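What follows is a short report on a single structure.
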Amino acid sequence: MGGRASVTVSQHKSALHKQVMHQDLFFVVFLICCFGLGCCSSGDRSHWFQSCLANCVENNCTNTEGPARGLIWTCSDDCKYECMWSTVETFVDNGMGVPQFYGKWPFVQWLGLQEPASAIFSILNLLGHVLMLRRFTSLVPRHAPLFWLWITYSLVCINAWLWSTVFHAKDTDLTEKLDYFCAFSMVLFSFYSACIRFFGPQLSWPTVTITLLCLGFMIYHIFYLSLVMFDYGYNMRANILVGAVNVTAWLAWCHQQRERAAHVWKCAATVVLVSVSVLLETADFPPLAWTLDAHALWHLSTCPLPLLWYSFLIDDCLYQLSQKKLQKSV
């Protein structure tokens, strides 16, 4: 009797140990899903997706998985993509609507691009800055006031749209961070430029203070999101705050200068159009033709804006140069 009881207790402990291990494993998988791959959504949480993904990975992927398509898509990535569409079909057939996966709508990949419309429109924005930078340097002499400020601004924008393209082509932890950091740098540098335009290009305590504050804020922003916590809410609040202050600063400057320079309307128009275009981000709907969503439309709406903005920069630099020459002649 004692031996049988001992065996029974031993088996019970073994079963309990296995149950705990399975619970721990489930918990780890849950954490990976919700924090390692981004916020879980109804699509990737569903048992249809999870069972499809498990079967696909087990039957098609090895422990030494390599690239499946090109250089960026692995076997497990392909499994997620195929299971995503089978899950979408199941949801729609059951009248449950189109689900999101890891916080995103399902997109049809084109030429290996994860979000083709947003990637292509990001490229168009990038090209707009490149072309207008060439026009700026061909029309504005290097000794013009703020010439190098706007060259730096243009490079910041080109870098931001480059990483936007990369992120929408392939969403990874690294490309997401680079996209967010560079997008914030574009907004912050625009505010910095407004301050420099307001106080003037000469070295003074306001310009030095603004430079140090903006540089310090950028370093803190990257440090916090990289090493403390990648907080989507904080990142959104920081962008909204700096964006609102940026719009206010530029519009205040435009109001101050409206009677002195005829070209100021171009600055005001660009700032207002950028602000209006951001409203597209508040819309949220499944992508049209599985390609065009609100975020892509936002990127599309900003494509022509560099034409108007750089036209203002060219006029403003030439205006400052003429004012500088006029002061010297007096």
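What you are looking at is a predicted structure, and each value in this text was computed from that prediction instead of being measured.
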### Query
Would you find more than 12 non-hydrogen atoms of other residues, nucleotides or ligands less than 6.0 Å from R134 atom CZ?
no
### Message
Please report the interatomic distance OG(S118) to CG(L297), rounded to the nearest 0.5 Å.
### Response
8.5 Å
### Task
Please assess Y192 against Y153 for the test ring-ring contact (aromatic ring centres under 6.0 Å, His included), listing each intermediate value before the final yes or no.
CA-CA 10 Å; Y192 172 73; Y153 168 84; over 10 Å; no
#### Entry: Side chain to side chain, P106 and W85, heavy atoms closer than 4.5 Å
yes
### Query
Hey, is the main chain of A289 close enough, under 3.5 Å, to the side chain of T291 for a donor-acceptor pair?
yes
#### Entry: Side chain N239, main chain N235, donor-acceptor under 3.5 Å
yes
### Query
Quick one: are F189 and S185 in side-chain contact, heavy atoms under 4.5 Å?
no
### Task
Answer yes or no: are there more than 12 heavy-atom neighbours, outside W110 itself, under 6.0 Å from its atom CH2?
no
#### Entry: same_hphob_cluster(L251, F199) at 4.5 Å side-chain heavy-atom cutoff
yes
### Message
One pair to check against side chain to side chain contact (heavy atoms under 4.5 Å, CB included): E281 and H295. What are the steps and the verdict?
### Response
CA-CA 6 Å; E281 280 286 80; H295 188 76; 3.0 Å; yes
### Query
Minimum heavy-atom separation for L305 to T270, with atom names?
O-CG2, 4.3 Å
### Query
With respect to Y224, which candidate in F181, F184, Y234 satisfies the ring-ring contact (aromatic ring centres under 6.0 Å, His included) definition?
Y234
### Task
Flag the pair F101 / K80 as yes when at least one side-chain heavy-atom distance between them is below 4.5 Å, and no otherwise.
no
### Task
Verify, without hydrogens or angle tests, whether T152 (side chain) and W148 (backbone) share a donor-acceptor contact under 3.5 angstrom.
yes
### Message
Would you compute the distance between atom OH of Y319 and atom CZ of R260 and round it to the nearest 0.5 angstrom?
### Response
7.0 Å
### Message
I'd like to know if W250 and V278 are part of one continuous hydrophobic network [Ile/Leu/Val/Met/Phe/Trp/Tyr, side-chain heavy atoms within less than 4.5 Å].
### Response
no
### Query
Counting only heavy atoms not in Q256, do more than 12 fall under 6.0 Å of its CD?
yes
#### Entry: Interatomic distance, D93 atom CG to F91 atom CZ [nearest 0.5 angstrom]
11.5 Å
### Query
Which distance, rounded to the nearest 0.5 Å, do you find between the SG of C267 and the CG of D316?
8.0 Å
### Query
Do L149 and P201 come close enough that some side-chain heavy atom pair is under 4.5 Å?
no
### Message
Minimum heavy-atom separation for W73 and G112, please, with both atom names.
### Response
NE1-O, 2.8 Å
### Query
If only atom types and distance count, is the side chain of T207 paired as donor or acceptor with the main-chain N or O of L203 below 3.5 Å?
no
### Task
Determine whether L307 and I158 fall in the same hydrophobic cluster, where Ile, Leu, Val, Met, Phe, Trp and Tyr are linked whenever their side-chain heavy atoms lie under 4.5 Å apart.
yes
### Query
Can you check whether E115's main-chain N or O pairs, donor with acceptor, with Q109's side chain at less than 3.5 Å?
no
#### Entry: Heavy-atom side-chain contact between L313 and M132 under 4.5 Å
no
### Summary
Tightest non-hydrogen contact, residues S301 and L280, listed as OG-CD1, 3.8 Å
### Message
Run the side chain to side chain contact (heavy atoms under 4.5 Å, CB included) test on Q320 and R197 for me, step by step, so that the C-alpha distance in whole Å, both residues' side-chain angles and the decisive distance to 0.1 Å come before the verdict.
### Response
CA-CA 10 Å; Q320 290 182 84; R197 183 64 184 90; 3.7 Å; yes
### Task
Indicate yes or no for a side-chain donor-acceptor contact from W253 to the backbone of A194 under 3.5 Å, with no hydrogens or angles considered.
no
#### Entry: Closest heavy-atom pair and its distance - F107, M84
O-CE, 3.9 Å
### Query
Do you reckon V271 sits in the same ILVMFWY cluster as V245, going by side-chain contacts under 4.5 Å, direct or chained?
no
### Query
Atom CG in L241, atom CG in N246: separation rounded to 0.5 Å?
11.0 Å
### Query
Can you hop from L288 to F121 via hydrophobic side chains spaced under 4.5 Å?
yes
### Task
Quick one: do W150 and S154 satisfy side chain to side chain contact (heavy atoms under 4.5 Å, CB included)? Show the steps, please.
CA-CA 6 Å; W150 297 123; S154 183; over 6 Å; no
### Query
If we ignore angles and hydrogens, is there a donor and acceptor under 3.5 Å between the side chains of S122 and N125?
no
### Task
Any chance you could lay out the disulfide bond (SG atoms under 2.5 Å apart) test for C56 and C79, step after step, and finish with the verdict?
CA-CA 6 Å; C56 180; C79 283; 2.1 Å; yes
### Query
Where does the angle between the aromatic ring planes of H299 and W161 fall among parallel (under 30°), tilted (30 to 60°) and perpendicular (over 60°)?
perpendicular
### Message
Can you confirm whether more than 12 heavy atoms, excluding those of W163, are under 6.0 Å from its CH2 atom?
### Response
no
### Query
Checking side chain to side chain contact (heavy atoms under 4.5 Å, CB included) against V187, which of V247, V156, V242 comes through?
V242
### Task
Assess whether atom CZ of F217 is packed by more than 12 heavy atoms of other residues, nucleotides or ligands within 6.0 Å.
yes
### Message
Within the 4.5 Å heavy-atom criterion, are F136 and F147 side-chain neighbours or not?
### Response
yes
### Query
Can we call the ring centroids of Y232 and F230 under 6.0 Å apart?
yes
### Message
Has T137 got a side-chain atom pairing as donor or acceptor with L133's backbone, closer than 3.5 angstrom?
### Response
yes
### Query
Rounded to the nearest 0.5 Å, how far apart are CD1 of I314 and CZ of R135?
5.0 Å
### Query
Given side chains that start at C-beta, do those of K170 and T175 come closer than 4.5 Å, heavy atoms only?
no
#### Entry: Minimum-distance pair of heavy atoms, taken over all atoms of K177 and S226
CE-CA, 4.4 Å
### Student check: side-chain heavy atoms of P99 and V88 closer than 4.5 Å
yes
### Candidate list R258, E259, Q257, test side chain to side chain contact (heavy atoms under 4.5 Å, CB included), partner H255, passing option
R258
### Message
Testing the basics here: between C317 and P145, what is the closest heavy-atom pair and its distance to 0.1 Å?
### Response
SG-O, 3.6 Å
### Message
The test is side chain to side chain contact (heavy atoms under 4.5 Å, CB included); show your working for D171 and E176 and say whether it passes.
### Response
CA-CA 6 Å; D171 180 359; E176 181 181 43; 4.1 Å; yes
